[in-house]
Amino acid sequence: MKLKSWIIFPLISILLFGIAYWVYPYFEKLVDVLLNHIPVTVTDMKTPFRLRLLFAITFAFIPLLVALTSFLFQTKGKHTQYMYLSMIISMMIFGGIRIFNIRQFYAESQSQIGEHIKLQYPMENLQIISFMFVGSMIGCIVGAIFLKRIMKKIK
């Protein structure tokens, strides 16, 4: 990679970190709607800040992961949008799977207890952002592999 790329990718990462940190409350509202307003409790007061920070770090790592996999797989920067696209799709899939699992677990647990007692789900156990982070890493590798195949067919 050129030296210019090693300057641009960290700057984009810093920008994405700031945007994701600012957008996190909207993400929380979206997750609340997707979870059908399951009551979520916070057992540790530092958890909301940690989750917000992890959310921002997840998006800040996207350009850095793309730069790293481009370097490791020796792919050209011309078609890296496929890696970005696969990362975003993978993040949505992994986050959606986790939301589906939480809703299913909550519904099963609530049906066992009954309607008179409402369960609360600990915020620490949601782990949606962790699943999104893993999804972004897997999506980056899958995107790099497909990009490598596309580059071989072009040549």
Side-chain angles (χ1 to χ4, degrees), residues 1-73 75-110 118-148:
M1 295 188 115
K2 297 178 184 176
L3 182 63
K4 185 178 177 182
S5 298
W6 289 106
I7 294 171
I8 290 176
F9 283 115
L11 290 177
I12 293 172
S13 291
I14 292 169
L15 181 67
L16 281 176
F17 179 86
I19 291 170
Y21 192 82
W22 179 69
V23 171
Y24 180 73
Y26 300 109
F27 174 76
E28 268 188 339
K29 290 178 185 176
L30 176 67
V31 168
D32 185 43
V33 169
L34 291 174
L35 288 174
N36 288 336
H37 306 288
I38 291 175
V40 176
T41 60
V42 177
T43 56
D44 184 13
M45 294 305 291
K46 295 178 184 177
T47 299
F49 174 73
R50 288 179 185 156
L51 289 176
R52 189 175 196 166
L53 191 62
L54 182 61
F55 183 76
I57 289 171
T58 298
F59 281 93
F61 266 113
I62 289 174
L64 298 175
L65 283 172
V66 169
L68 181 66
T69 53
S70 294
F71 177 73
L72 292 176
F73 285 93
T75 58
K76 304 289 183 202
K78 186 177 177 183
H79 300 286
T80 57
Q81 67 265 18
Y82 296 117
M83 276 197 287
Y84 287 114
L85 185 63
S86 68
M87 288 175 78
I88 297 297
I89 290 172
S90 180
M91 285 173 68
M92 291 183 341
I93 289 171
F94 274 66
I97 288 171
R98 182 62 184 157
I99 288 172
F100 176 75
N101 289 341
I102 292 169
R103 285 175 59 180
Q104 187 177 14
F105 175 76
Y106 183 80
E108 290 173 1
S109 300
Q110 188 66 46
K118 292 290 181 193
L119 288 176
Q120 294 182 343
Y121 203 86
M123 184 178 249
E124 292 83 7
N125 293 346
L126 288 178
Q127 299 175 344
I128 296 168
I129 300 168
S130 301
F131 273 64
M132 289 173 59
F133 184 75
V134 170
S136 69
M137 289 189 293
I138 291 172
C140 186
I141 293 169
V142 169
I145 291 170
F146 283 125
L147 182 60
K148 186 79 170 177

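Computation of the quantities below employed the complete heavy-atom set of this structure, encompassing side-chain atoms and omitting hydrogens, waters and symmetry-equivalent molecules.
Checked by atom type and distance alone, the side chain of R52 pairs as donor or acceptor with a backbone atom of Y21 at under 3.5 Å. No donor-acceptor pair under 3.5 Å is formed between the side chain of R103 and the backbone N or O of R98. For the pair S109 (side chain) and Y106 (backbone), a donor-acceptor distance under 3.5 Å is absent. The main-chain N or O of G139 is found under 3.5 Å from a side-chain atom of S86 such that the two form a donor-acceptor pair. Judged by distance alone, with hydrogens and angles left aside, the side-chain atoms of E124 form no donor-acceptor pair with the main-chain N or O of T47 at under 3.5 Å.
Residues Y84 and C140 have side chains not in contact (no heavy-atom distance under 4.5 Å, counting atoms from C-beta outward). In this structure the side chain of T58 reaches within 4.5 angstrom of the side chain of M91, judged on heavy atoms. Between V134 and F131 the shortest side-chain heavy-atom distance does not fall below 4.5 Å. Looking at M123 and E28, their side chains come closer than 4.5 Å, going by heavy atoms from C-beta outward. In this structure, the side chains of M83 and L65 stay at 4.5 Å or more apart for every pair of heavy atoms. L68 is not listed as a side-chain neighbour of L64, based on a closest heavy-atom distance of 4.5 Å or more. Contact of the F17 side chain with the L53 side chain is registered, since non-hydrogen atoms from C-beta on lie closer than 4.5 Å.
A distance of 13.0 Å separates CG of L15 from CZ of F59, quoted to the nearest 0.5 Å. Note that the CD1 atom of I129 and the CG atom of L54 stand 5.5 Å from one another [nearest 0.5 Å]. Expressed to the nearest 0.5 Å, how far NZ of K118 lies from CD of Q110 amounts to 5.0 Å. Considering CD1 of I14 and CD1 of I19, their distance stands at 12.0 Å, rounded to 0.5 Å. Note that CD1 of I93 and CE of M132 are 12.5 Å apart. Values are rounded to the nearest 0.5 Å. The CZ atom of F55 sits 11.0 Å away from atom CD1 of I128, with the distance rounded to the nearest 0.5 Å.
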task: Evaluate the side chain to side chain contact (heavy atoms under 4.5 Å, CB included) criterion for residues V31 and V40: first the C-alpha distance (whole Å), next the side-chain angles of each, then the deciding distance (0.1 Å), finally the verdict.
output: CA-CA 11 Å; V31 168; V40 176; over 6 Å; no
- request: Start with the C-alpha distance between S90 and V142, add both sets of side-chain angles, then the distance that settles side chain to side chain contact (heavy atoms under 4.5 Å, CB included), and finish with yes or no.
  value: CA-CA 9 Å; S90 180; V142 169; over 6 Å; no
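Using cut-offs of 30° and 60° for the angle between ring planes, the F27 and Y24 rings count as tilted.
Counting heavy atoms of neighbouring residues, nucleotides and ligands inside a 6.0 Å radius, atom CZ of F61 does not exceed 12 of them. For F146, the CZ atom sits in a loose shell: 12 or fewer heavy atoms of surrounding residues, nucleotides or ligands are nearer than 6.0 Å.
Of the listed residues (I102, L126, L119), just one forms a side chain to side chain contact (heavy atoms under 4.5 Å, CB included) with I38, and that residue is I102.
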